[in-house]
J.: 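Below is the structure I would like to discuss, written out as structure tokens.
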Amino acid sequence: MSEISKTYSPEDVEKKWYKTWEEGKYFKPRPGKQKEGYCIIMPPPNVTGRLHAGHALDITTQDALIRFKRMKGFEALWLPGMDHAGIATQTKVEELIFNEEGKKRGEYSREYFLEKTWKWVEDYGGIIALQSKTMGASPDWDYSMFTMDEGPHKAVKKAFVDLYNEGLIYQSDYIVNWDPGLQSAISDAEVEYEEVNGNFYHLNYKVKDSDELIEIATTRPETLLGDTAVSVHPDDERFKHLIGKIAIVPLCEREVPILGDDYVDMEKGTGCLKVTPGHDFNDFEIGKRHNLPIINILNKDGTLNDYGLEWKDLSCKEARKGIVKKLKELEVLLEVKPHRHQVGHGDRSKTIIEPMVSKQWFLNTKKMAKDSVEAVESDTTKFYPKGWENTYFSYQRNPRDWCISRQLWWGHQIPVFKCTSCDHQWATEEEKPTGCEKCKSSEIVQDPDVLDTWFSSGLWPFSTLGWPDKEKMIERKFDTFYPTSVLVTGHDIIFFWVARMMMMGQKFTGTVPFPKIYIHAIVRDKLGRKMSKSLNNGIDPLDMVKQYGADAFRFTLAAGSGYNRGINLDPERIGGFRNFVNKIWNAYRFIEPHLANAGKELPEELDHHERWIIGELNAVSKVMNESMEEFRYDDSCSAIYQFVYDKFCSWFIELSKTQLSGEDAEAKAQRATVLRYVFRKVVALLHPMIPFITEELWSFLKDKEEDLLIIQDYPEFSKDNEFHKDQEIMNRFIETITGIRNLRASVNIKPKEEVPVELFSDDEELVKYYSENLQNFRDLAKVGSLKVSDKSNQRPGKSAFKATTHTEIFLPLEGVIDLGEQIARLEKDLKKTEKEFLKYDKKLNNEKFMSNAPDEVKIEVRENAKEFEEKLNSIKENLQNFKS
RNA sequence: GGUCGUGUAGCUCAGUGGGAGAGCACUGCCUUGACAUGGCAGGGGUCACAAGUUCAAUCCUUGUCACGACCACCA
């Protein structure tokens with residue numbers, strides 16, 4: 001035998017099969033027996049991205065699904081793509097230009113920058129797609145889309161113009177999260193709050209024409225330069241009398257009104273609030289209520305502008321120091337109390353966010369959000385696991401208008417034009433309109449801002465399928481694949497992405513973009529911590545693939561994926577599953593020499609063991625189908641693991657050895673046939689999880705005319721293949737063999753040494769079965785001589801003895817065994833069994849139980865009681881016997 | 001402050017109103033003809049705590065404690 005190596009080496013196998021699949025166009029959707037499409041849209045990774053553990057899980061769960069559905073006979077499309085990632089990419093290219101040319105934004109033209117960015121995308125972008133291939137991802141790469149491609153760009157324009165003309169997109173001066181690093185507005189969702197150490201500064205503001213002072217607490221003293229009011233609660237007895245008077249803001253000596261406003265919390269701070277509508281969200285609202293002027297004290301880069309007085313051009317942080325010093329000198333500053341509070345940071349830039357008023361584009365999402373909530377409430381779209389609905393609802397039930405404009409260059413430029421001669425402003429899908437639609441002037445300019453990246457992401461499920469271009473929709477089979485079948489993603493982007501797709505999908509296609517949403521876990525390190533650069537606890541998927549093979553890594557991720565929220569990934573576990581993959585390899589090595597002997601079809605007449613393994617195979621097929629359908633990869637993996645390892649390798653292969661090396665040619669051929677049959681099903685069942693080794697083994701197992709495993713039928717459950725009786729007997733047989741082995745070990749019999757065994761049972765079928773399978777006892781438990789009889793017969797004397805609920809097992813080894821030890825062991829067992837028996841017996845004697853419990857429970861308890869009574873009696877009698 | 005979630009074997013985690021499970025780790029024995037990335041056998045848990053519902057609670061209810069995620073607030 002063998003050219004086949006003793007251990008499986010993944011590297012060459014993986015390369016070979018990926019190439020074969022890709023070149024053979026096996027990832028292309030092809031119509032199958034289901035006559036239906038099945039489509040998963042891959043969450044498009046950032047064009048700047050590198051494969052990390054989260055992607056690996058994303059890929060594994062989606063790829064397993066798409067491979068499963070492909071084998072089930074669906075026209076399966078996994079549509080890959082790439083996101084232009086406005087902020088991330090812009091930042092990267094700006095850095096590049098700065099490093100190469102020492103120039104900053106504003107020192108080169110928009111055209112130059114975009115040229116550079118496209119070049120960057122071409123040269124370095126999309127590495128992640130190549131990396132995905134090492135994981136065995138099977139999307140149809142020919143279908144791939146980039147969010148900046150012409151198709152999605154047209155979709156973005158169409159969507160924008162429609163929403164604009166409907167009045168849902170509007171432009172407004174409003175307070176937004178301003179990222180001074182990016183010099184752009186960002187959406188609420190892109191702000192992350194971090195706790196930092198700060199201070200409460202207590203300041204005294206003078207009240208005009210009075211000796212009174214009003215004490216105010218603030219964490220940001222520098223913003224007083226933008227104060228346009230002081231506010232107290234209208235019912236606050238302490239300050240009520242000040243309402244209507246004028247306060248004087250220190251430093252700038254600005255006279256501002258003292259207001260009464262319900263928003264003020266009497267309990268907080270000093271009960272007096274300085275109002276800075278230009279730089280605080282709540283103050284902005286107060287300002288609106290009282291028609292206060294808005295003063296912007298900041299430049300776009302976060303430094304102070306002319307309102308900054310002597311601190312002009314300093315950053316807020318710098319200015320604060322100077323201002324505090326000055327306030328102290330002026331004796332305005334009363335005290336400084338340390339205070340921990342949350343400060344917003346840009347999720348990409350990590351710079352401190354300044355609330356700032358500026359002119360931005362907003363999308364009113366109220367109606368769309370409501371529709372998207374209803375779709376989930378009515379189960380038109382279902383979350384798996386269901387709990388994530390709450391997260392989704394919490395965002396969608398209180399939608400704030402979405403700030404969709406970004407002061408960046410990389411992205412979809414807002415398709416709004418303005419006429420410089422008549423001031424008319426309009427949105428159009430035309431890329432380069434020639435003149436004003438009203439006055440026909442050719443003096444027109446396009447809005448310089450670009451759209452939030454998530455705007456184009458929201459259209460992704462249908463823009464990738466050709467929408468809104470009728471011809472493209474036919475070409476890309478919109479009708480077959482939309483709505484898509486399921487969305488698979490992590491919970492961190494339920495709001496960013498899932499909610500937006502739900503809104504846009506319903507808005508523009510009239511239907512939800514997917515009926516199911518599977519939210520997978522977040523990958524963490526083995527201690528449950530998030531993977532991060534600072535902890536240096538990241539696990540590189542490429543490393544894992546290299547070390548253990550893609551299959552083992554995939555199986556580990558799948559086995560850890562169900563309805564859980566986190567996967568704690570420990571490389572040691574991958575090692576464990578690498579061993580499993582190797583086990584499969586070696587199971588094949590065992591079967592291989594017998595393949596030539598094997599028939600194609602399962603024989604008509606199966607023997608007991610064969611019926612048993614077919615029955616177990618049937619059962620595991622059922623579990624696999626059901627669990628995959630519900631995204632319970634964990635259940636799928638443990639079911640197939642157990643079947644392969646335990647049922648197939650430990651028992652069926654072991655039971656087949658004697659047969660296969662025997663003289664009976666017919667029996668040999670039959671067993672070879674069954675082994676081949678079962679193993680072909682096993683690799684098919686496993687293929688979605690571990691595609692590489694299964695494809696490799698299939699190439700040895702398949703008939704010449706058969707195609708690759710990737711498009712073979714997935715094994716199905718069949719009523720004809722249920723063999724409950726054989727499973728029951730086999731389970732008892734396994735218990736008996738284990739019992740014999742246990743006894744051997746307990747009296748230190750060497751593994752090679754044969755022992756005599758006597759079995760007693762009142763189960764006639766079992767007695768018959770034991771008698772007909774003497775050879776199996778020899779093979780599996782080194783039984784030299786076996787005596788089987790019913791319990792009416794005389795038991796042997798001093799022996800190693802064990803009772804099961806159905807069989808008494810004796811190893812008559814007088815002289816070898818230590819009787820005292822045996823008795824001690826039996827007494828321990830007796831106690832345990834007694835306890836178990838009493839548990840059931842007590843119930844049977846409990847009137848309330850007997851009158852309340854359902855019949856099937858009573859029957860079961862009665863049976864259990866009987867079984868344990870039998871075991872109990874066996875132990876008691878024989879113990880007595882040994883003692884006498 | 002709110003929402004959701006978690007607490008089961010040394011570790012990582014499944015699970016069920018009626019007999020406590022898996023993988024890894026651990027112990028002992030085995031260089032057995034597929035596999036030492038292996039085989040056989042084994043030890044180990046008051047199912048966080050308390051009360052309640054029930055004939056029956058690890059599972060349902062309430063409370064307590066601990067932990068986590070997200071959201072909001074933050075003068």
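Being a predicted model, the structure only gives us computed values, none of them experimental. Below, read A as the first sequence line, B as the second, and so on, with proteins coming before strands; counting in each chain starts at 1. Scope of the values below: all heavy atoms of this structure, side chains included, with no hydrogens, waters or symmetry mates.
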J.: Any salt bridge (charged side-chain N to carboxylate O under 4.0 Å, His left out) pairs touching residues 835-855 of chain A, not counting sequence neighbours?
T.: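 Applying salt bridge (charged side-chain N to carboxylate O under 4.0 Å, His left out) to every pair that reaches into residues 835-855 of chain A, excluding sequence neighbours, yields A/Asp855-A/Lys858.
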J.: Compute the ring centroids of A/Phe837 and A/Phe868, then answer whether they are less than 6.0 Å apart.
T.: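 Ring centres of A/Phe868 and A/Phe837 not closer than 6.0 Å.
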J.: A/Trp585 has an atom CH2; how far is it from atom P of B/A36, in whole Å?
T.: 14 Å
J.: To the side chain of A/Ala853, which of B/A34, B/C29, B/C55 is closest?
T.: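 So the side chain of A/Ala853 is nearest to B/C55.
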J.: Could you give all pairs that pass the salt bridge (charged side-chain N to carboxylate O under 4.0 Å, His left out) test and reach residues 222-235 of chain A, with sequence neighbours left out?
T.: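 Every salt bridge (charged side-chain N to carboxylate O under 4.0 Å, His left out) pair that includes a residue of residues 222-235 of chain A, provided the two are not neighbours, is A/Arg220-A/Glu222, A/Glu222-A/Arg320, A/Asp227-A/Lys274.
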J.: B/C73, B/A41, B/C29: which one has an atom nearest the side-chain heavy atoms of A/Arg400?
T.: B/C73
J.: Do A/His806 and A/Glu735 pair up side chain to side chain, a donor and an acceptor below 3.5 Å, judged on atom types alone?
T.: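 Side-chain D/A pair, A/His806 to A/Glu735: present.
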J.: Output yes when at least one side-chain N/O atom of A/Lys6 is less than 4.0 Å from OP1 or OP2 of B/C35, else no.
T.: yes
J.: Considering only side-chain heavy atoms of A/Tyr263, which listed nucleotide, B/A34, B/U37, B/C74, is closest?
T.: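 The listed nucleotide nearest to A/Tyr263's side chain is B/C74.
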J.: Select one nucleotide: of B/A41, B/G18, B/C24, the one nearest the side-chain heavy atoms of A/Thr738.
T.: B/A41
J.: Between A/Asn586 and A/Gly387, which residue's closest nucleotide on RNA chain B lies nearer the 5′ terminus?
T.: A/Gly387
J.: For A/Ser638 and for A/Lys657, find the nucleotide of RNA chain B with the closest heavy atom, then tell me which residue's nucleotide is more 5'.
T.: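 Per heavy-atom nearest nucleotide, the more 5' residue is A/Ser638.
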J.: For A/Leu273, which contact category applies under a 4.0 Å heavy-atom criterion: base, sugar-phosphate, or nothing?
T.: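 Base contact.
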J.: Measure CD/A/Glu285 against P/B/A72 and give the value in whole Å, please.
T.: 15 Å
J.: Do A/Phe553 and A/Tyr548 have ring centres separated by under 6.0 Å?
T.: no
J.: Are OP1 or OP2 of B/U37 and a side-chain N or O of A/Asn579 less than 4.0 angstrom apart?
T.: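 Negative; the distance criterion is not met.
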J.: Starting at CD1 of A/Ile4 and ending at C1' of B/A34, how long is that distance when rounded to a whole Å?
T.: 10 Å
J.: For the residue pair A/Arg676 and A/Phe679, would you count it as a cation-pi contact if the rule is NZ or CZ under 6.0 angstrom from the ring centre and within 45 degrees of the ring axis?
T.: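 No, A/Arg676 does not sit over the ring of A/Phe679.
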J.: Could you work out the separation of B/C49 and B/A41 based on their C1' atoms and round it to a whole Å?
T.: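 Nearest-Å result for B/C49 against B/A41 at atom C1': 37 Å.
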J.: Would you mind listing every salt bridge (charged side-chain N to carboxylate O under 4.0 Å, His left out) that reaches into residues 737-752 of chain A, with sequence neighbours excluded?
T.: none
J.: What integer number of Å spans the P atoms of B/A20 and B/C59?
T.: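 It comes out at 14 Å once rounded to the nearest Å.
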J.: Are A/His202 and A/Glu215 linked by a side-chain donor-acceptor pair shorter than 3.5 Å?
T.: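 Result is yes, a qualifying pair exists.
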J.: What integer number of Å spans the P atoms of B/C70 and B/C11?
T.: 25 Å
J.: Would A/Phe777 and A/Phe733 count as a close aromatic pair, with their ring centres under 6.0 Å?
T.: yes
J.: Between B/G18, B/C29, B/C40, which nucleotide gets closest to the side-chain atoms of A/Lys750?
T.: B/C29
J.: Round to a whole Å and report the spacing from CG of A/Asn748 to P of B/U27.
T.: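 It works out to 18 Å between those atoms.
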J.: Distance between the C1' atoms of B/C47 and B/C60, in whole angstroms?
T.: 16 Å
J.: Where the side chain of A/Pro854 is defined as all heavy atoms beyond and including C-beta, which of B/G18, B/G38, B/C30 is the nearest nucleotide?
T.: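 Ranking B/G18, B/G38, B/C30 by closest atom to the A/Pro854 side chain puts B/G18 first.
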J.: Across the strands shown, which category fits A/Thr219 at heavy-atom distances under 4.0 angstrom: base, sugar-phosphate, nothing?
T.: sugar-phosphate
J.: Could you check how far NE2 of A/His594 sits from C1' of B/G33, rounded to whole Å?
T.: 10 Å
J.: Taking the same atom, P, in B/C67 and in B/A72, what whole-Å distance lies between them?
T.: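 Looking at atom P only, B/C67 and B/A72 are 24 Å apart.
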J.: Mind checking if A/Glu836 touches a base, just sugar-phosphate, or nothing, with heavy atoms under 4.0 Å?
T.: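 The residue A/Glu836 makes sugar-phosphate contact but no base contact.
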J.: Please tell me which of the listed nucleotides, B/A72, B/A41, B/C55, lies nearest to the side chain of A/Asn846?
T.: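 Of the candidates, B/C55 comes closest.
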J.: Using a cut-off of 4.0 Å on non-hydrogen atoms, how would the nucleic acid contact of A/Asp265 be classed: base, sugar-phosphate, or nothing?
T.: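 Base contact - A/Asp265 has a heavy atom under 4.0 Å of at least one base atom.
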J.: Output the rounded distance in Å from CZ (A/Arg825) to C1' (B/G43).
T.: 15 Å
J.: C1' atom, B/G45 versus B/A25: distance in rounded Å?
T.: 16 Å
J.: What nucleotide, of B/C29, B/C35, B/C71, holds the atom closest to the side chain of A/Tyr395?
T.: B/C71
J.: Are OP1 or OP2 of B/G42 and a side-chain N or O of A/Asn742 less than 4.0 angstrom apart?
T.: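 True: A/Asn742 side-chain N/O within range (under 4.0 Å) of B/G42 OP1/OP2.
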J.: A/Lys839 side chain N/O closer than 4.0 Å to the phosphate oxygens (OP1, OP2) of B/A56?
T.: no
J.: Report the nucleotide, chosen from B/C55, B/A41, B/G19, that has the shortest atom-to-atom distance to any side-chain atom of A/Asn864.
T.: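 The nucleotide sitting nearest to the side chain is B/G19.
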J.: Measure NZ/A/Lys583 against P/B/A34 and give the value in whole Å, please.
T.: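 Interatomic distance, NZ of A/Lys583 to P of B/A34: 11 Å.
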J.: Can you identify which nucleotide, out of B/A69, B/G19, B/U37, has its nearest atom closest to the A/Phe868 side chain?
T.: B/G19
J.: Within the structure shown, what part of the strands sits under 4.0 Å from A/Tyr641 by heavy-atom distance: base, sugar-phosphate, or nothing?
T.: sugar-phosphate
J.: For A/Val861, report the nucleic acid contact type (base, sugar-phosphate, nothing); a contact means any heavy atom under 4.0 Å.
T.: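 Nothing, no heavy atom under 4.0 Å.
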J.: Assign A/Ser650 to base, sugar-phosphate, or nothing according to its heavy-atom contacts below 4.0 angstrom with the strands shown.
T.: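 It contacts sugar-phosphate atoms only.
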J.: Would you say that A/Phe648 contacts A/Ile613 through its side chain, given a criterion of any heavy-atom pair below 4.5 Å between the two side chains?
T.: yes
J.: Around atom CD of A/Glu377, are there more than 12 heavy atoms of other residues, nucleotides or ligands at under 6.0 Å?
T.: yes
J.: Which residue pairs satisfy the salt bridge (charged side-chain N to carboxylate O under 4.0 Å, His left out) criterion with at least one member in residues 385-395 of chain A, sequence neighbours excluded?
T.: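 Salt bridge (charged side-chain N to carboxylate O under 4.0 Å, His left out) check on residues 385-395 of chain A returns A/Asp379-A/Lys386, A/Lys386-A/Glu389.
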J.: Identify whether any heavy atom of A/Ile653 sits under 4.0 Å from a base atom; if not, whether one sits that close to sugar-phosphate; answer base, sugar-phosphate or nothing.
T.: base
J.: Taking atom P in both B/G17 and B/U61, compute the distance separating them and give it to the nearest angstrom.
T.: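 The same atom, P, in both gives a distance of 12 Å.
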J.: Side chains of A/Val683 and A/Leu701: closer than 4.5 Å at any heavy-atom pair?
T.: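 Of all side-chain heavy-atom pairs linking A/Leu701 with A/Val683, at least one is under 4.5 Å.
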J.: Is there a side-chain contact between A/Ser394 and A/Phe495 in this structure, where contact means two heavy atoms from C-beta onward sitting under 4.5 Å apart?
T.: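 Not touching, per the 4.5 Å side-chain cut-off.
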J.: Counting primed atoms plus P, OP1 and OP2 as sugar-phosphate and everything else as base, spell out the protein contacts along nucleotides 6-17 of chain B at 4.0 Å heavy-atom distance: B, S or - for each nucleotide, 5' to 3'.
T.: ------BSSS--
J.: Starting from P on B/C71, measure out to CD1 on A/Ile494 and report it in whole angstrom.
T.: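 After rounding, the gap between these two atoms is 11 Å.
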J.: Report which part of the nucleic acid A/Glu753 touches: base, sugar-phosphate, or nothing (heavy-atom distance under 4.0 Å, all strands).
T.: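 It contacts nothing in the nucleic acid.
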J.: Provide the distance between the two C1' atoms, one in B/U3 and one in B/C73, to the nearest whole Å.
T.: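 Looking at atom C1' only, B/U3 and B/C73 are 15 Å apart.
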J.: In dot-bracket notation, what is the pairing pattern of RNA chain B, taking Watson-Crick (N1-N3 plus N6-O4 or O6-N4) and G-U wobble (N1-O2 and O6-N3) contacts under 3.5 Å, with [ ] crossing and | for other strands?
T.: (((((((..((((....[..)))).(((((.......))))).....(((((..]....))))))))))))....
